[in-house]
There are 2 protein chains.
Amino acid sequence: MTEQRAYHHGDLRRTLLTAALDAIRESGPAALSLRDLARRAGVSHAAPAHHFKDRTGLLTAIAAEGYGLLADALAETPELNERGVRYVRFCREHPAHFQVMFAPELLRADDPELLAARERAGDQLRAGVAGLAASGRGDDARLAGVAAWSLAHGFATLLLGGNLEGPLGDRDPEEMFRDLTGLLFQGG
Amino acid sequence: MTEQRAYHHGDLRRTLLTAALDAIRESGPAALSLRDLARRAGVSHAAPAHHFKDRTGLLTAIAAEGYGLLADALAETPELNERGVRYVRFCREHPAHFQVMFAPELLRADDPELLAARERAGDQLRAGVAGLAASGRGDDARLAGVAAWSLAHGFATLLLGGNLEGPLGDRDPEEMFRDLTGLLFQGG
DNA sequence: CTGCGAACTTGTCACTGTCTAGATTGCGCG
DNA sequence: CGCGCAATCTAGACAGTGACAAGTTCGCAG
């Protein structure tokens with residue numbers, strides 16, 4: 001690893017990002033401290049500011065990365081229901097990203113990288129619904145898209161918040177979500 | 001109003017709560033400052049600590065109040081689909097409450113008032129699904145309950161996050177949500 | 001080898017949450 | 001009536017934080 005070099009850490013940006021993701025996963029974005037990240041990385045308290053200007057800048061970078069990862073995950077699977085499962089899986093594999101992505105008041109809304117990544121993810125979301133739209137008119141398609149996104153997003157959010165532990169028991173969340181989509185989207 | 005009394009503000013607790021709700025609605029829970037609340041209420045910076053011990057204590061009180069309001073709102077309507085609409089309406093009428101209620105890392109998880117209020121709201125949620133469970137077995141009922149909650153919660157969350165402005169256009173969110181439930185729960 | 005810009009440090013400022021000790025008030029009880 | 005007492009609020013202090021400014025060190029192009 002050859003760390004502890006005085007200058008030119010080499011990969012400080014990524015180091016800070018992953019440290020931030022760890023911290024967010026454990027304690028949420030509100031508890032994140034730039035100075036603490038700097039300490040963990042063994043750099044001075046002002047070093048993070050050079051890579052991400054702000055606290056907001058750091059969180060915005062995380063959100064952008066998250067949207068990119070989500071777009072990649074969705075792109076791997078063409079079928080709609082399975083994309084929902086991917087959405088759920090994503091929120092479990094990248095809970096910190098997920099949390100920050102949907103906390104707009106923590107982000108720089110006009111950041112170009114964020115906008116681009118979100119656009120890419122949005123394309124994937126819409127592409128998934130396009131196939132389903134074949135049966136109905138355009139309006140129904142949009143409606144079905146919102147329905148699918150709402151279902152997946154609600155399930156993911158409740159899951160991460162620990163609100164589904166009762167209903168879940170010891171079952172696998174992805175499996176349960178598959179049942180959900182089966183229940184709702186079979187007859188429609 | 002007879003404010004500006006030096007001691008015994010009279011209703012400082014409520015004053016601080018509503019000021020906090022205003023601040024959260026505008027800038028999110030992360031930007032909330034106890035000292036700023038105290039300034040707005042015209043009291044010393046340490047006054048809030050007497051009513052809510054902590055920053056966490058204040059947010060926990062807000063969450064408990066929110067669960068109470070949600071339980072009341074749901075109790076007004078027996079029919080399931082209409083309860084979903086109430087859920088959506090609640091998140092729009094009390095966005096600050098809603099946001100804090102589902103941010104567990106900001107709350108004192110073992111607070112008795114919070115637990116009681118959440119229990120009450122949970123009862124109402126389950127009561128709404130109970131009627132729907134008549135058709136299927138117990139397992140299907142639980143599944144349908146999670147489906148309904150996920151759909152409503154996802155829609156509400158995405159709505160508050162500003163993620164539905166595209167699909168919504170200028171339509172009323174509640175109306176659209178009604179269409180969603182019609183689309184998904186008709187055939188099931 | 002020389003300068004130049006990127007990466008990082010050091011120092012500082014206003015602000016925050018929390019703790020402590022003290023001041024003021026009004027209420028209940030004698 | 002008045003007196004203590006607890007609830008309510010103030011005042012002061014402390015460590016920690018984000019942001020900013022200015023200086024330092026490094027690698028690399030010319």
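So that the names make sense, note that chain A is the first sequence line, chain B the second, and so on, each numbered from 1.
- Evaluation of the salt bridge (charged side-chain N to carboxylate O under 4.0 Å, His left out) rule for A/Arg13 yields no partner, not counting sequence neighbours.
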Report all interatomic pairs (protein N or O, nucleotide N or O of nucleotides 10-15 of chain C) with separations under 3.5 Å.
residue : atom : partner : partner atom : Å
C/dG11  : O6   : A/His45 : NE2          : 2.8

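- With respect to the salt-bridge test (charged N to carboxylate O, under 4.0 angstrom), the residues B/Arg83 and B/Glu76 do not qualify.
- A/Arg171 and A/Asp179 are joined by a salt bridge, as a carboxylate oxygen and a charged side-chain nitrogen come within less than 4.0 angstrom of each other.
- Between the CG atom of A/Asp11 and the P atom of C/dC8 there is a distance of 10 Å, given to the nearest Å.
- By the side chain to side chain donor-acceptor pair (under 3.5 Å) test, A/Glu174 pairs with A/Arg89, sequence neighbours left out.
- Computed from coordinates, the B/Arg40 CZ to C/dT16 P distance equals 11 Å when rounded to whole Å.
- With sequence neighbours excluded, the residues that form a side chain to side chain contact (heavy atoms under 4.5 Å, CB included) with A/Asn163 are A/Leu158, B/Phe102, B/Trp149.
- A heavy atom lying under 4.0 Å from DNA chain C marks none of the residues of residues 18-29 of chain B.
- Take A/Phe155 and apply the ring-ring contact (aromatic ring centres under 6.0 Å, His included) test, not counting sequence neighbours, and it matches A/Phe177.
- Following rounding to the nearest Å, A/Arg108 (CZ) and D/dG18 (C1') show an atom-to-atom distance of 13 Å.
- Ring pair B/His94/B/Phe90: centre-to-centre distance below 6.0 Å.
- From one end of the helix from C/dC1-D/dG30 to C/dG30-D/dC1 to the other, with five pairs defining each end axis, the axis direction shifts by 0° (rounded to 10°).
- Near DNA chain C, defined here as any heavy-atom distance below 4.0 Å, the residues from residues 50-57 of chain B are B/Asp54, B/Arg55, listed numerically.
- Backbone-only engagement by B/Leu32 is indicated by non-hydrogen atom pairs under 4.0 Å involving sugar-phosphate atoms exclusively.
- Between B/Asp123 and B/Arg126 there is a salt bridge, with a side-chain nitrogen of the basic residue lying less than 4.0 Å from a carboxylate oxygen of the acidic one.
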Show me the donor-acceptor pairs, under 3.5 Å and distance only, between side chains in residues 23-34 of chain B and residues at least two apart or in other chains.
residue : atom : partner : partner atom : Å
B/Arg25 : NH2  : B/Asp22 : OD1          : 3.2
B/Ser33 : OG   : B/Arg35 : N            : 3.4
B/Ser33 : OG   : B/Asp36 : N            : 3.0

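- Atom CZ of A/Arg13 is separated from atom P of C/dC8 by 12 Å (rounded to the nearest Å).
- One can place CG of B/Leu16 at 12 Å from C1' of D/dC9, the figure rounded to the nearest angstrom.
- The list of side-chain hydrogen bond (donor to acceptor under 3.5 Å, both in side chains) pairs with a residue in residues 103-117 of chain B, not counting sequence neighbours, reads B/Asp54-B/Arg108.
- A/Leu70 has its side chain within reach of A/Tyr87: a pair of non-hydrogen atoms, C-beta onward, lies under 4.5 Å apart.
- Listed by chain and residue number, A/Asp72 satisfy the salt bridge (charged side-chain N to carboxylate O under 4.0 Å, His left out) test with A/Arg120 (two or more places apart in sequence, or in another chain).
- Scored by the side chain to side chain donor-acceptor pair (under 3.5 Å) test, B/Glu119 finds no partners at all (sequence neighbours excluded).
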